[in-house]
Amino acid sequence: MEFLLNPDEFKGPCNLSLTINSGQTSQPAWKENQGVFSELVSIKKEACLLKVAQQDGSLKINAESRNNISEKALKQRIRQIFDLDFDLDQLYDFLREDPKLEPTIDFCQGMRLFIAHDPFECIISSISSANCSILRWSRSIRDIKYKWGNPYSFGDESFYTFPSPKIISQLPEHDLEEMQRCEDHLPEDFQFNNNLQACGVGYRAKYIIKTAEMIQNEISLHKIAKMDYGDAFDTILELPGVGPKVADCILLYGFGMGEAFPVDVWIKRIICHLYFDGKDVAVPKIRDFGMEQFGEYAGYTQLYLFHYARKSGLLDKLTTKKK
DNA sequence: TTCCAGGTAGTCG
DNA sequence: CGACTACCTGGA
């Protein structure tokens, strides 16, 4: 199935590449080939290979699946993933009211939240991203999918689903545990690599396993999606490896809760520079400030400020000045 | 080679 | 509460 999603079907501009490549921690960037972005996405429980490309202001959508999917369900999913129901022009009106935020508009024209297509994958990605580079956690997620996800082939391309909470919860944590579970007689120099730590997640392996177990047994993602932001925040904070920053990333990029204001060290530096005269203010205070100051636009403001700071050279200035 | 980035959990006051 | 530090790993 192939069709165009025209600009009159969503609110404000949409820059696909900017949205997908802005380093949001919910999911690794989608596979790109000559401007076409592809990913295996579940639509009404049906595995579907989505291909999305920018065509002027429109989005060109191509979808393949074993069984038929209605165009309506497909469109709905696309709107959700790229946050197309959010009115960017309204955001720009808001940003223009603050001279400190106004410059971000030009740098981020058309950039939207890139909402995770799989909330569980988003949670594991976010835990893996804590204290870690984008390159490293993206690799880990890729390895996890490759090792334990279900493969789907479309033409000559292969994609893997992200494994379920049940599967992750039962994985060996590291080499030693994998060795202990193995009853076969193996050569002396056998390399154990079917464990989580072998995917480069480091000490987060135990958090990931325990989190998967809790999601499997006691915490319903379905319910979190329906909670208000405050309750959802308190609930996912219970997951091991999830602190305030990761919780806000999950709620923003995984569940589309726009009032979340994830504060990492970069955002802290940017906010201290812009709003506190370069003074060092503690992270929890920055979070309070952001939520109070930016309200329902806190999430987008965080996204825009970060991208703006990176592209304008402000970020470099803040690191070398070390303040 | 050593050093360092970068959130969370744990400990201590 | 706030301040401090260990934690895996990969890139400088």
Side-chain angles (χ1 to χ4, degrees), chain A residues 22-29 116 122-144 146-147 168 171-179 191-215 219 232-254 260-273 276 279-291 298-299 302-303 305-307 309-310 314-323:
Chain A
S22 53
Q24 308 181 24
T25 58
S26 62
Q27 54 184 332
C122 168
I123 290 173
I124 303 305
S125 291
S126 303
I127 291 174
S128 310
S129 74
N131 202 18
C132 206
S133 70
I134 294 178
L135 185 68
R136 197 180 138 197
W137 70 255
S138 296
R139 255 185 225 165
S140 298
I141 297 304
R142 186 197 61 198
D143 289 354
I144 290 171
Y146 186 75
K147 283 182 198 289
I168 300 273
L171 294 178
E173 183 186 331
H174 41 53
D175 294 359
L176 187 61
E177 195 188 337
E178 189 185 337
M179 204 184 304
Q191 293 287 309
F192 290 90
N193 65 0
N194 261 319
N195 60 81
L196 251 188
Q197 218 164 37
C199 298
V201 297
Y203 57 83
R204 303 162 196 82
K206 60 168 77 66
Y207 303 150
I208 292 171
I209 291 167
K210 179 69 180 156
T211 287
E213 189 191 308
M214 288 171 70
I215 288 172
I219 290 187
F233 183 83
D234 293 342
T235 305
I236 58 168
L237 213 50
E238 301 289 312
L239 298 170
V242 176
K245 191 267 180 180
V246 168
D248 277 329
C249 280
I250 293 170
L251 295 179
L252 182 61
Y253 302 122
F261 190 71
V263 181
D264 59 13
V265 56
W266 302 108
I267 286 299
K268 180 191 138 151
R269 286 172 186 156
I270 293 164
I271 294 289
C272 288
H273 170 74
F276 293 93
K279 190 165 66 101
D280 187 76
V281 177
V283 167
K285 299 256 187 246
I286 300 286
R287 178 171 178 264
D288 293 342
F289 171 82
M291 294 201 302
Q302 186 262 9
L303 184 60
L305 273 176
F306 181 70
H307 186 77
R310 200 161 57 161
L314 175 60
L315 227 46
D316 296 335
K317 221 173 83 184
L318 294 179
T319 33
T320 47
K321 255 176 49 178
K322 206 181 162 207
K323 236 188 172 184

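Because the structure is a prediction, the values reported are computed rather than measured. Proteins get letters first, then strands, A, B, ... in listed order; numbering begins at 1 in each.
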Output one line per pair: protein atom, nucleotide atom from nucleotides 1-3 of chain C, and distance, for all N/O pairs under 3.5 Å.
none

Those stems involving DNA chain B that have three or more consecutive Watson-Crick or G-U pairs, both distances under 3.5 Å, are B:2-5 with C:9-12, B:7-13 with C:1-7

Mind listing the side-chain donor-acceptor pairs of residues 243-251 of chain A below 3.5 Å, one per line with the distance, residues two or more places apart or on another chain?
unit_1, atom_1, unit_2, atom_2, d
A/Asp248, OD1, A/Tyr229, OH, 2.5
A/Asp248, OD2, A/Arg287, NE, 2.8

Quick one: side chain to side chain donor-acceptor pair (under 3.5 Å) partners of [X], sequence neighbours excluded?
X: A/Glu173; answer: none
X: A/Asp264; answer: none
X: A/Ser22; answer: A/Gln24

#### Entry: Interatomic distance where CG belongs to A/Leu318 and C1' belongs to B/dA5 [whole Å]
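Those two atoms, CG and C1', are 16 Å apart.
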
### Message
Between P on B/dT8 and CD1 on A/Ile208, what's the gap in Å once rounded to a whole number?
### Response
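Computing the A/Ile208:CD1 to B/dT8:P distance gives 14 Å.
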
Salt bridge (Lys or Arg N to Asp or Glu O under 4.0 Å) filter on A/Lys268, not counting sequence neighbours, yields A/Asp280

So CG of A/Leu135 and OG of A/Ser140: to nearest 0.5 Å the spacing works out to 9.5 Å

message: Nearest 0.5 angstrom please: A/Ser129 OG to A/Trp137 CH2, how far?
response: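 It comes to 6.5 Å.
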
Check: protein-nucleotides 7-11 of chain C nitrogen or oxygen pairs below 3.5 Å:
unit_1, atom_1, unit_2, atom_2, d
C/dC8, O4', A/Tyr203, N, 3.4
C/dC8, O2, A/Arg136, NH1, 3.1
C/dC8, O2, A/Arg136, NH2, 3.0
C/dT9, O4', A/Arg136, NH2, 3.3
C/dT9, O2, A/Arg136, NH1, 3.2
C/dG11, OP1, A/Arg139, NH1, 3.3
C/dG11, OP1, A/Arg139, NH2, 2.8

Under 3.5 Å, which donor-acceptor pairs link side chains of residues 197-208 of chain A to any protein atom two or more places apart or in another chain?
unit_1, atom_1, unit_2, atom_2, d
A/Gln197, NE2, A/Gly202, O, 3.0
A/Tyr203, OH, A/Asn131, ND2, 3.1
A/Arg204, NE, A/Ala130, O, 2.9
A/Arg204, NH1, A/Val201, O, 2.7
A/Arg204, NH2, A/Ala130, O, 3.1
A/Arg204, NH2, A/Asn131, O, 3.1

Using a cutoff of under 3.5 Å, can you pull out all pairs of nitrogen or oxygen atoms linking the protein to nucleotides 9-13 of chain B, with atom names and distances?
unit_1, atom_1, unit_2, atom_2, d
B/dA9, OP1, A/Gly241, N, 2.6
B/dA9, OP1, A/Val242, N, 3.4

request  = For A/Phe261, enumerate each residue passing the ring pair (Phe, Tyr, Trp, His ring centres under 6.0 Å) test, keeping only those at least two apart in sequence or located in another chain.
outcome  =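 Here the qualifying residues are A/Phe294.
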
ask   = Roughly how far apart, to the nearest Å, are B/dT8 and C/dG11 at atom P?
value = 23 Å

Residues passing the side-chain contact (heavy atoms from CB on, under 4.5 Å) test with A/Glu213, sequence neighbours excluded, are A/Ser169, A/Lys210, A/Asn217

(Q) Any base atoms under 4.0 Å from A/Trp266, or only sugar-phosphate, or nothing? Heavy atoms, all strands. (A) sugar-phosphate

Quiz item: Short question: side chain of A/Glu177, backbone of A/Pro172 - any donor-acceptor pair under 3.5 Å?
Solution: no

| query | Take atom OH in A/Tyr146; do more than 12 heavy atoms of anything else shown fall under 6.0 Å from it? | reply |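 Incorrect, the count does not exceed 12.
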
### Query
Do A/Phe192 and A/Leu176 have side-chain heavy atoms sitting under 4.5 Å apart?
no

